[in-house]
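Everything below concerns the one structure shown next.
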Amino acid sequence: MSTLPPDTLNAIGVLTRREVEARLLIPLIEALSARFGQPAVLETIRQTIVDIARQQGQQLAESCPANDLLQFAHALEAWKKGDAMDIQVLEQTEHCFAFDVRRCRYAEMYHALGTPELGSLLSCSRDFALIEGFNPSIHLTRTHTIMEGADTCDFCYQVKPDPS
């Protein structure tokens, strides 16, 4: 995959961006699935989304003064723009950033479009690759999401211990 051009779309807010993407991608995914089979199409899309998210994480790191958890937490504001998420921070240190998403308008939007399963693919699947691109020494643990029917999404970003 080629390198992405600089990302200037966050000014509109990530929620609006995801809705525009979804309104184009959902009918495209349905058409491609009918022609080529859903499993192959969804796996190709999942891998492409992961690759894009990893590159976006790298770009985010390059745009920040440092690629540490404190900068990442600050960058999260772009994903919250327009009340897109209501989060409760549980811990925020230089080694751990843990929070619960108590309301997710991304999930609400995909549910309203009638495609929550694609919401997980098109939005939630980005999270792990984004942090990997931002800083491969930071590990994300998440056990459940609102998109998949849970009451909250549990995010815990932790700096991996130095192996030396």
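Quick caveat: nothing in here was measured; it's all calculated off a predicted structure.
- For the atom pair CD1 of I26 and CG of L113, the computed distance is 4.5 Å after rounding to the nearest 0.5 Å.
- Annotation for V50 and A129: closest pair O-CB, 3.3 Å, computed over non-hydrogen atoms.
- With respect to the salt-bridge test (charged N to carboxylate O, under 4.0 angstrom), the residues R126 and E21 qualify.
- How far OG of S33 is from CD of Q38: 4.5 Å, rounded to the nearest 0.5 Å.
- A donor-acceptor pair under 3.5 Å is absent between the side-chain atoms of N135 and the main chain of D68, judged by distance alone.
- Atom CZ of R142 has more than 12 neighbouring heavy atoms from other residues, nucleotides or ligands inside a 6.0 Å radius.
- Counted by atom type alone, D51 and Q47 present one or more donor-acceptor pairs between their side chains at under 3.5 Å.
- Side chain of S63 to backbone of L60: a donor-acceptor contact under 3.5 angstrom is found.
- A side-chain contact (heavy atoms from CB on, under 4.5 Å) with W79 is found for exactly one of V101, D127, L130, namely L130.
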For side chain to side chain contact (heavy atoms under 4.5 Å, CB included), just list the numbers for D151 and I146, CA-CA rounded to whole Å, side-chain angles, deciding distance to a tenth of an Å, and then say yes or no. CA-CA 6 Å; D151 291 335; I146 294 170; over 6 Å; no
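- Transitive grouping of hydrophobic side chains (ILVMFWY, heavy atoms separated by less than 4.5 Å) keeps I87 and L90 in distinct clusters.
- Taking each heavy atom of K160 and P136 in turn, the nearest pair found is NZ-O, 3.2 Å.
- Screening L118, L24, T44, T115 for a side-chain contact (heavy atoms from CB on, under 4.5 Å) involving I29 leaves a single residue, L118.
- Between S125 atom OG and I49 atom CD1 the span is 6.0 Å, to the nearest 0.5 Å.
- Among all heavy-atom pairs drawn from M147 and P116, the shortest one is CG-O, 3.6 Å.
- Looking at every heavy atom in both residues, A22 comes nearest to M109 through CB-SD, 4.4 Å.
- Contact check for C96 versus C156: side-chain heavy atoms found under the 4.5 Å cut-off.
- Using a 4.5 Å heavy-atom cutoff, the side chains of L70 and F97 are not in contact.
- With hydrogens and angles left out, the side-chain atoms of T145 and E148 include a donor and acceptor closer than 3.5 Å.
- Not a single donor-acceptor pair under 3.5 Å links the side chain of R105 to the backbone N or O of K80.
- Separating the CD1 atom in I131 from the CD atom in Q158 is a distance of 12.0 Å, to the nearest 0.5 Å.
- Between Y110 and L122, the shortest heavy-atom distance links the atoms OH-CB, 3.6 Å.
- The stretch residues 91-103 participates, sequence neighbours left out, in these side-chain hydrogen bond (donor to acceptor under 3.5 Å, both in side chains) pairs: D86-R102, R103-E108.
- From R46, atom CZ reaches atom CD of E43 across 4.0 Å, with rounding to the nearest 0.5 Å.
- A salt bridge is absent between K81 and E77: the closest approach of a Lys/Arg side-chain nitrogen to an acidic carboxylate oxygen does not fall below 4.0 angstrom.
- In this structure, H144 and D154 have side chains that are in contact, with non-hydrogen atoms separated by less than 4.5 Å.
- Residue pairs meeting the ring-ring contact (aromatic ring centres under 6.0 Å, His included) criterion with at least one partner in residues 31-73, sequence neighbours excluded, are F72-F134, F72-Y157.
- Across E132 and R54, no two heavy atoms sit closer than the pair OE2-NE, 2.7 Å.
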